[in-house]
Amino acid sequence: MAHGDIVHIDLPSDDLDRAKAFYEGVFGWQIGSVEGFPDFEMFQTGQETVGGGIGLRGKTAPDKPRVYVEVDSIDDALARVSQHGGGIVVPKTDVPGMGWYAAVTDSEGSEIGLWQNPPD
């Protein structure tokens, strides 16, 4: 993936088992748990590059669906967000062994996640 690519989608749920059954039953998504992340399931849509997670609303997932965009540097992207009329919802946060994320609002109030992979 490259800077600007959509890399992950978080979907909130109020009942994780019910949501999992919905997405598996309606769309045939492959959904499974992630060690170390209770109350959060990862999904794959069948397209190699499209997937994300389903978590408990406000606990292990945001309150609303959130699309994550890969950035080369979260620090640089956060500075540009503020310069272009956006705001920071969740500051840069470490996901141990995986990378970093943040959440921002765009100039129109929509919430977007930022994702930075660790250096190679």
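Side-chain contact check for L16 versus L56: some heavy-atom pair is nearer than 4.5 Å. Under the 4.5 Å side-chain criterion, counting only non-hydrogen atoms from C-beta, S13 is not in contact with R18.
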Q: Any chance you could lay out the side chain to side chain contact (heavy atoms under 4.5 Å, CB included) test for D5 and V69, step after step, and finish with the verdict?
A: CA-CA 5 Å; D5 286 351; V69 177; over 6 Å; no

Q. Which is it for M42 and I31 under the side chain to side chain contact (heavy atoms under 4.5 Å, CB included) test, yes or no, and what are the steps along the way?
A. CA-CA 6 Å; M42 294 294 289; I31 302 174; over 6 Å; no

Q: Check the pair L11 / Y23 against side chain to side chain contact (heavy atoms under 4.5 Å, CB included), numbers first and verdict last.
A: CA-CA 11 Å; L11 299 172; Y23 289 108; 3.7 Å; yes

Q: Quick one: do R66 and D10 satisfy salt bridge (charged side-chain N to carboxylate O under 4.0 Å, His left out)? Show the steps, please.
A: CA-CA 5 Å; R66 183 186 292 157; D10 270 343; 5.0 Å; no

Q) Checking side chain to side chain contact (heavy atoms under 4.5 Å, CB included) for the pair N117/E70: CA distance, chi angles, key distance, verdict? A) CA-CA 8 Å; N117 285 314; E70 184 167 332; 3.6 Å; yes

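The two residues T60 and F40 have their closest heavy-atom pair at O-CD1, 3.3 Å. V81 approaches G87 most closely through the heavy-atom pair CG1-N, 3.6 Å. Taking all atoms of both residues into account, the shortest heavy-atom contact from P12 to P62 is CB-O, 3.0 Å. Contact between V89 and E111 at its shortest, heavy atoms only, is CG1-OE1, 3.8 Å. Between G99 and P118 the shortest heavy-atom distance is CA-CD, 3.7 Å.
Within the 3.5 Å criterion, the main-chain N or O of I74 finds a donor-acceptor partner in the side chain of Q116.
Rounding to the nearest 0.5 Å gives a distance of 13.0 Å between NE2 of H8 and CG of L114. Note that the OH atom of Y101 and the NZ atom of K92 stand 13.0 Å from one another [nearest 0.5 Å]. Remark: Q30 CD to E41 CD distance equals 12.5 Å, nearest 0.5 Å. One distance of note links CD1 of I54 with CG of D15; it measures 11.5 Å at 0.5 Å rounding. Distance check: D39 CG to R57 CZ gives 14.0 Å after rounding to the nearest 0.5 Å.
No more than 12 heavy atoms of other residues, nucleotides or ligands lie within 6.0 Å of CD1 in I6, so this atom counts as exposed by the packing criterion.
A centroid separation of 6.0 Å or more is found between the aromatic rings of W115 and Y68.
Using cut-offs of 30° and 60° on the angle between ring planes, the pair F43 and W29 is parallel.
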